[in-house]
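Have a look at the structure below before the remarks.
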2 protein chains.
Amino acid sequence: MDIFEPVQVDPAYRRIAAAVEEKVMAGTLKDGDPLPGEVHLARQFAVNRSTVREALRELQSKGLITRRPGSKRLRIAHPRTADVASGVSRALALGGVTFYEVWEAMMIVEPQTAALAARKRDADQLEELTQLIARFEAAGGNSREAVATVVDFFRALARSSQNEVLVLAQAPLTRLLSPTLAQMIDQVPQARTRIIEAQRKLLAAIGKGDGEQARIWMEKHIRDFRRGYELAGISADDQVTV
Amino acid sequence: MDIFEPVQVDPAYRRIAAAVEEKVMAGTLKDGDPLPGEVHLARQFAVNRSTVREALRELQSKGLITRRPGSKRLRIAHPRTADVASGVSRALALGGVTFYEVWEAMMIVEPQTAALAARKRDADQLEELTQLIARFEAAGGNSREAVATVVDFFRALARSSQNEVLVLAQAPLTRLLSPTLAQMIDQVPQARTRIIEAQRKLLAAIGKGDGEQARIWMEKHIRDFRRGYELAGISADDQVTV
DNA sequence: ATCTGTCGGATTGTCCGACAAAATGCCGCC
DNA sequence: GGCGGCATTTTGTCGGACAATCCGACAGAT
């Protein structure tokens, strides 16, 4: 009986967006290429400017086109990690994901990422990690800055794994954790020193290229997070927020 | 010297989108709630309908509002896994991620996910996995259908882990792998039987609640993928595509 | 030669009004 | 109560308009 699929007539703005997206994905339009002006596009697609603009908004929110600050021209862009990660965390938060689920995912991803990083890191990244530890120590009572540093540390570590997929997978996790992380750093006195210790051990292991040690310390580090959260009175069943 | 940050004045359509998004995230607008009509919104925001429409396109592409098929009314929606995953895979493909990176990420995520699934699965999910194996066997020479089944198997397995984060993390990976997976199934004769064997062993381990066995078999399964790709003449350094 | 002020053209952000097609709602009818 | 038909609403798209502002060029000042 179901021979016919529901016919789908996409509105013009959607097809225009799709056309541009297709050209971007195919590499015809490369990163940084300037997009023609709206009137020009409207003429090309034989469509009204308002219609083009709706298509552009869609592409813009996908991160496929962007405007350099203080400029009018739209340019082709490749979505940055931040763009995508924010979408993922939004979806997870709306999906009612609990703190435990995020933590569990981190327990799976981070230790192995650390192990990889230990094997693949280069000198620059080692240097960056070192500086981030210093920055965390310097942050002192400023919990916002402290959290930002921890997040940066995780990200730098993921980048050291030389695997862009892991960088992207990890970004939403830290983003979802950071609000409560701030809370924890404020309320649990020993949190700061434990974080520093873990980061130092991680750095040492990564510096030596000792993947197994890195993995073990990262596991402790993440486990510590959970203990810290419990001490701060945050339940594992609480839903994460953005 | 750099005392002043670049001043940013968001255009109206962006602030409107942000206003709606804020209400969604705060839970004021819940999933399924109908959105007022465009003219109504335009009056509320004291702005032209065209401006509202641009804001709506942006929200739409974020998956925060959607239209039920064959309906005119826009409704608040929570982004589904598919929405977000497509954005992630787009970003990864544009980022020039290689097949090896995706594979490596899968080697990290999937075995542990399988182990979790073995511990947490319920009867329904076990049943679903069983049927998916049957569907794969039935697919026969239809490589499109076969690939779709493999992807569904991975997804069902991730869902069995009862961890929505893992479901979301895994979706882009299989999506990026599937084009080449089809190629491989077509070209490597023994691929099909090996996949079936791995799926059966996985199902058995998960059925018994044996996490360790599930982990081991998933590891073999993923490793097999790589061998299969090599046999099909796909280099690990090839960039993935969507 | 470099910096500054100015000017015209191009482009964007926003508005207005309009219309056909499709969906929704209402109403009378069976 | 269910159903067909008509009026109303809503969306998709169009055309045109205007102020703000960015861009590039050009001339004048230091």
Side-chain angles (χ1 to χ4, degrees), chain A residues 4-24 29 32-77, chain B residues 1-24 29 32-77 83:
Chain A
F4 297 107
E5 303 176 4
V7 56
Q8 49 198 353
V9 278
D10 280 351
Y13 62 81
R14 189 170 291 282
R15 270 179 308 185
I16 291 175
V20 176
E21 177 174 342
E22 201 265 329
K23 286 260 185 298
V24 175
L29 291 172
D33 284 358
L35 214 57
E38 296 175 353
V39 277
H40 201 279
L41 284 175
R43 265 199 300 274
Q44 279 202 16
F45 286 112
V47 98
N48 192 276
R49 191 164 78 99
S50 311
T51 307
V52 169
R53 282 177 66 82
E54 292 186 46
L56 291 181
R57 291 299 87 78
E58 194 161 319
L59 291 167
Q60 213 169 12
S61 90
K62 286 184 183 173
L64 285 175
I65 61 181
T66 184
R67 200 188 316 281
R68 299 197 176 158
S71 167
K72 252 171 182 183
R73 263 244 208 49
L74 282 169
R75 291 173 177 289
I76 302 295
Chain B
M1 190 65 96
D2 297 23
I3 320 175
F4 298 107
E5 302 176 7
V7 54
Q8 50 198 348
V9 277
D10 279 352
Y13 61 80
R14 189 170 291 284
R15 271 178 310 186
I16 291 175
V20 176
E21 177 173 343
E22 201 264 330
K23 285 262 186 296
V24 176
L29 292 172
D33 284 357
L35 213 57
E38 296 175 353
V39 276
H40 201 277
L41 283 174
R43 265 201 299 275
Q44 279 202 14
F45 286 112
V47 99
N48 192 274
R49 190 163 79 101
S50 311
T51 307
V52 169
R53 281 177 68 82
E54 292 184 43
L56 292 181
R57 293 297 87 77
E58 194 160 321
L59 292 167
Q60 212 170 12
S61 90
K62 286 184 184 174
L64 284 176
I65 61 181
T66 184
R67 197 186 321 279
R68 300 197 177 156
S71 166
K72 227 152 215 208
R73 262 248 215 41
L74 282 168
R75 294 174 124 63
I76 303 295
D83 298 330

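Everything quoted here is computed from the prediction, not taken from an experiment.
- Panel note: side chain Arg75(B), backbone Thr66(B); no donor-acceptor pair is recorded below 3.5 Å.
- Taking CZ of Arg53(B) as the start and CG of Leu41(B) as the end, the distance is 12.0 Å to the nearest 0.5 Å.
- Of the candidates Ile16(A), Ile65(A), Leu59(A), Leu59(A) is the only one forming a side-chain contact (heavy atoms from CB on, under 4.5 Å) with Glu21(A).
- Around atom CZ of Arg67(B), more than 12 heavy atoms belonging to other residues, nucleotides or ligands sit under 6.0 Å away.
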Summarise how protein sits on nucleotides 7-15 of chain D as a single string, 5' to 3': B when a protein heavy atom is under 4.0 Å from the base, S for sugar-phosphate-only contact, - for no contact. ---BBBBBB

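- Counting heavy atoms from C-beta outward, Arg57(A) and Gln60(A) have side chains that approach closer than 4.5 Å.
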